[in-house]
Protein chains: 2
Amino acid sequence: MVQAQTLSRNQQIVLDIIEKAKGPLKAYSILFNVQKKGINAPQQIYRALDKLIEMGKIHKIESKNAFVACRSSDCEISKATAFSICESCEMVDEISDAKLSKYLSSFNHRKGMKFKRFNLEFFGLCKKCK
Amino acid sequence: MVQAQTLSRNQQIVLDIIEKAKGPLKAYSILFNVQKKGINAPQQIYRALDKLIEMGKIHKIESKNAFVACRSSDCEISKATAFSICESCEMVDEISDAKLSKYLSSFNHRKGMKFKRFNLEFFGLCKKCK
DNA sequence: CTCAAATATGTTATATTATAACAAACGTTA
DNA sequence: TAACGTTTGTTATAATATAACATATTTGAG
């Protein structure tokens, strides 16, 4: 079972870095950023990332193997995630839209699947880059 | 620019294997399967995969780093892809639904993005596994 | 409280996924 | 036929992720 609130030391360190970042961070770039804090091994990063994902504090952008902080409140521990990804500047924007969530959840049910979650990634050019 | 029809030797070999497979295949498992045909290096696989994706013949399942043959006709060279993924048996099913495509394409436009494509992955248990 | 269970940490090693860089062959088509 | 784009073959290495094991810390039931 997942804790509701308290983060362990390493989890907090990793989360802080991801939250401060402007864009998605890769596991090894997180690692390089925390070596001064006594974290030396990929395992320590990946374990923290796994827990943070379980808790819904961060999301993985699958197409980039990178991680962003959760900016939404209605993703319900990551059951329904959606992102806009700019192919030029690499910006990632979490899409928080209850209608979209509802539409996709029910869509999947109709297809005979016992639905657990979905992840949607949009690609294109953001306002600045287009 | 991408060719319309003709596949090169390696591209055809890789596509054949992916089309015959029951489920998604990983790059290195493809590699191991074609070493008898004289393909020895990951590069040769990845290059074929890249081209096949460009041509819309196969899709990458991002959450699994695996590849499936395209079973749809209306994904328009992979501009709009959607999959059901069973977390138990690993089955992947391509979802081909014009309404869904339309809904998601126009959704994204409203968010101020110059839309190029999307990829949607549903997770849960398939009929057999639930 | 207290000890057992669960969770988190540290560490070394290794597996898996993917790309860089370069040389040679092939196939158009102008 | 020469120039161009594409494909191939090859060696090396980069980037991403997990296995396995020992130890420490936290938490909660009795």
Side-chain angles (χ1 to χ4, degrees), chain A residues 1-18 21 23-68 77 87 90 92 119 121, chain B residues 1-18 21 23-55 57-68 87 90 92 119 121:
Chain A
M1 199 43 53
V2 181
Q3 295 170 308
Q5 295 292 351
T6 54
L7 298 181
S8 77
R9 190 186 114 89
N10 288 0
Q11 288 160 12
Q12 190 64 60
I13 289 171
V14 170
L15 180 58
D16 285 348
I17 290 184
I18 295 176
L25 290 184
K26 305 210 152 211
Y28 276 75
S29 94
I30 296 169
L31 176 57
F32 298 143
N33 273 285
V34 297
Q35 292 192 318
K36 52 198 168 203
K37 300 202 175 167
I39 297 181
N40 305 299
Q43 267 290 12
Q44 296 173 280
I45 302 299
Y46 281 104
R47 286 196 287 227
L49 290 171
D50 286 347
K51 291 296 178 184
L52 291 168
I53 289 170
E54 275 185 49
M55 294 176 198
K57 301 281 189 188
I58 65 171
H59 303 299
K60 181 172 186 181
I61 307 300
E62 295 287 357
S63 60
K64 300 178 89 70
N65 298 317
F67 304 85
V68 296
I77 318 251
E87 288 177 318
E90 308 264 288
V92 169
N119 180 56
E121 299 182 4
Chain B
M1 199 44 53
V2 181
Q3 295 171 304
Q5 296 294 350
T6 54
L7 298 181
S8 76
R9 190 187 112 90
N10 289 358
Q11 288 160 12
Q12 191 64 60
I13 290 170
V14 170
L15 179 59
D16 284 348
I17 290 184
I18 295 176
L25 290 185
K26 305 209 152 212
Y28 276 76
S29 91
I30 296 169
L31 177 56
F32 298 142
N33 273 285
V34 297
Q35 293 193 318
K36 52 198 167 205
K37 299 202 175 168
I39 297 181
N40 306 297
Q43 267 290 11
Q44 296 173 282
I45 302 299
Y46 280 105
R47 285 196 288 226
L49 290 171
D50 286 348
K51 292 296 178 184
L52 291 168
I53 289 170
E54 275 184 51
M55 295 177 200
K57 302 281 189 189
I58 65 171
H59 304 299
K60 181 174 186 180
I61 308 300
E62 295 288 355
S63 60
K64 300 176 89 69
N65 298 315
F67 304 85
V68 295
E87 289 177 318
E90 309 263 288
V92 169
N119 180 55
E121 298 182 4

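Taking every side-chain heavy atom of A:Lys51 into account, C:dA8 is the closest of C:dA8, D:dT18, C:dT9. Counting only heavy atoms from C-beta on, A:Ala41 has its side chain closest to C:dT11 among D:dA17, C:dT11, C:dT9. With D:dG9, C:dA8, D:dT7 as the candidates, the nucleotide lying closest to the side chain of B:Ser8 is D:dT7. Taking only side-chain atoms of B:Tyr46, from C-beta outward, the nucleotide of D:dG9, C:dT11, C:dT17 with the closest atom is C:dT17. Distance from the side chain of B:Gln43 is smallest for C:dA20 among the nucleotides D:dA17, C:dA18, C:dA20. Side-chain proximity of A:Arg47 to D:dC21, D:dA17, D:dT8: nearest is D:dC21.
The CD1 atom of A:Ile13 sits 11 Å away from the C1' atom of C:dT9 (whole-angstrom rounding). Nucleotide D:dA17 holds its C1' atom 10 Å from the CG atom of A:Asp50, rounded to whole Å. We find that CG of A:Leu31 is positioned 15 Å from C1' of D:dT18, with the value rounded to whole Å. Between the P atom of D:dT11 and the CD atom of B:Gln44 lies a distance of 10 Å, rounded to the nearest Å. A straight line from CE of B:Met55 to C1' of D:dT6 spans 11 Å, rounded to a whole angstrom. Between B:Arg9 atom CZ and D:dT6 atom C1' the separation is 16 Å, expressed in whole Å. In this structure, A:Ile39 places its CD1 atom 7 Å from P of C:dG10, rounding to the nearest Å. A:Leu49 places its CG atom 15 Å from the C1' atom of C:dA8, with the value rounded to the nearest Å.
Residue contacts for A:Lys60: at a heavy-atom cut-off of 4.0 Å it reaches the sugar-phosphate backbone alone, with no base atom in range.
When the nearest nucleotides of DNA chain C are assigned to A:Ala48 and A:Pro42 by heavy-atom distance, the more 5′-ward of the two goes with A:Ala48.
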message = Assess the residue pair A:Val14 and A:Ile58 against the criterion (side-chain contact (heavy atoms from CB on, under 4.5 Å)); give the C-alpha distance rounded to whole Å, side-chain angles, the decisive distance to 0.1 Å, and a yes or no.
response = CA-CA 10 Å; A:Val14 170; A:Ile58 65 171; 5.7 Å; no
task = Please lay out, stage by stage, how B:Met55 and B:Leu7 fare under the test side-chain contact (heavy atoms from CB on, under 4.5 Å).
result = CA-CA 10 Å; B:Met55 295 177 200; B:Leu7 298 181; 3.4 Å; yes
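OP1 or OP2 of C:dT17 has at least one side-chain nitrogen or oxygen of B:Lys26 nearer than 4.0 Å. Not one side-chain nitrogen or oxygen of A:Asn65 sits closer than 4.0 Å to the OP1 or OP2 atom of D:dA15. Distances shown here put every side-chain N or O of B:Asn40 at or beyond 4.0 Å from the OP1 or OP2 atom of D:dT11.
The pair B:Glu90-B:Lys64 meets the salt-bridge criterion, with a side-chain N (NZ, NE, NH1 or NH2) lying under 4.0 Å from an Asp/Glu carboxylate O.
With centroids closer than 5.5 Å and planes inclined by less than 30 degrees as the test, B:Tyr28 and the base of C:dT16 fail to qualify as a stacked pair.
In this structure, A:Leu52 and A:Gln11 approach most closely via the heavy-atom pair CD1-O, 3.7 Å.
Distance alone, capped at 3.5 Å, places no donor-acceptor pair between the B:Glu54 side chain and the B:Lys51 backbone.
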